[in-house]
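Positions are given from 1 along the sequence. In listed order, ligands and their atoms are each counted from 1.
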Amino acid sequence: MTAIDLAIIGFGKIARDQHRAALDASPVFNLAAVVDPVARPEGLTAYPEIGALLRQSPRVQAVSLCTPPQVRFAVARQALLAGKHVLLEKPPGTTVSEVMTLQRIARDQGRVLFAAWHSQFAPGIPGAKAWLADKRITRITVTWREDVRRWHPGQDWIFAPGGTGVFDPGINAYSILTHILPVALYTTAATLEFPENRDTPIAAQLTMLTEEGAPVDLDFDFRETGPQTWDMQIDTDRGRLDLSQGGATVLIEGRAVASESSLSGEYDRIYARFAQLIQRGTSEVDLAPFRHVADAMMLGRRIQTEAFAW
Ligand code: NAP
């Protein structure tokens with residue numbers, strides 16, 4: 001496959017922490033430019049907005065959208081209409097309809113749209129999915145508790161409309177569940193805690209059922225200053241699966257099927273997948289995790305909690 005010139009749009013935390021290194025290591029992609037209102041990373045051509053990239057770097061064939069979700073639709077639409085393949089960081093937008101519109105535009109343009117769910121590329125995920133394939137789920141418990149000040153310092157967009165609040169990490173749990181489970185899930189109740197000065201929830205307690213009626217309890221919290229927890233326990237008719245560290249570690253009946261010290265490698269696999277999709281000319285947009293956030297917001301009982309300040 002010949003090298004594909006790619007630009008990162010939105011050069012913030014995740015672009016710096018993960019995308020740049022994965023692209024530097026990629027045998028397929030060449031990081032040709034970035035687009036960001038402020039960031040001017042050394043050694044890279046930088047543009048302040050996508051229009052300048054489209055005018056001045058015509059060789060760029062693909063873009064990765066690492067902006068906050070609130071601006072993603074407009075930028076992705078512009079890129080697709082200019083004939084670029086588009087990778088969307090999670091969550092893929094601010095509404096389900098936006099993402100479905102992008103799917104249609106990508107189809108009309110004959111370009112690839114890839115909604116990347118990084119947690120689906122965690123080391124333990126293939127083993128977990130394979131083991132669960134022929135099991136009957138009897139109970140699931142999910143605990144996703146982290147400190148927003150530590151992981152998203154000063155990112156006000158998370159608490160602005162469309163930022164999803166605690167669902168920003170919580171959607172990673174949904175993306176794992178919907179990917180590895182052999183059955184569908186639906187939300188039956190939710191309590192959403194909104195800080196009195198913010199527009200998105202800082203915590204959520206959710207009750208779901210599998211389509212076969214097994215209970216699924218999820219506890220998402222952005223106020224965890226103690227040990228950071230991204231765990232799930234899945235009980236089945238033939239044993240139990242424990243996933244921890246966001247999918248880096250998976251135990252089946254207490255035996256490790258994957259045990260990595262970190263989630264590094266997720267983004268290498270994301271870019272390998274993006275390359276494969278481009279080669280095949282196929283889009284991949286899994287809407288299930290995002291739908292569950294929308295359902296929780298529709299169904300959830302809202303309670304007000306104390307104001308949040310960084
Ligand atoms: P961030 O640090 O706030 O970075 C976003 C960057 O996008 C900022 O530099 C921002 O510039 C820029 N930007 C805003 N509007 C833009 C536009 N129209 N065109 C180009 N650039 C624009 O946020 P982040 O943590 O990297 O998160 C970005 C996305 O990745 C989110 O959807 C998040 O859920 C996802 N993600 C984050 C993590 C993580 O650990 N942080 C992990 C996985 C996925 P200004 O700040 O100057 O506006």
Pairs involving residues 23-37, ordered by first then second residue, that meet side-chain hydrogen bond (donor to acceptor under 3.5 Å, both in side chains) (sequence neighbours left out) = D5-N30
Which residues satisfy the side chain to side chain contact (heavy atoms under 4.5 Å, CB included) test with P182, sequence neighbours excluded?
-> L132, I137
side-chain hydrogen bond (donor to acceptor under 3.5 Å, both in side chains): pairs with one or both residues in residues 294-310, sequence neighbours excluded | D156-W310
Side-chain donor/acceptor of Q18 to backbone N/O of R16, under 3.5 Å | no
Taking the six-membered ring of W131 (Phe, Tyr or Trp), confirm whether the NZ or CZ of K135 is under 6.0 Å from its centre and within 45° of its axis.
-> yes
Using a threshold of 4.0 angstrom between heavy atoms of the protein and any atom of ligand 1, which residues qualify?
-> I9, G10, F11, G12, K13, I14, V35, D36, P37, V38, C66, T67, P68, P69, V71, R72, E89, K90, P91, H118, H152, Q155, W157, D168, Y267
Please assess Q120 against N172 for the test side-chain hydrogen bond (donor to acceptor under 3.5 Å, both in side chains), listing each intermediate value before the final yes or no.
-> CA-CA 8 Å; Q120 293 183 349; N172 297 335; over 6 Å; no
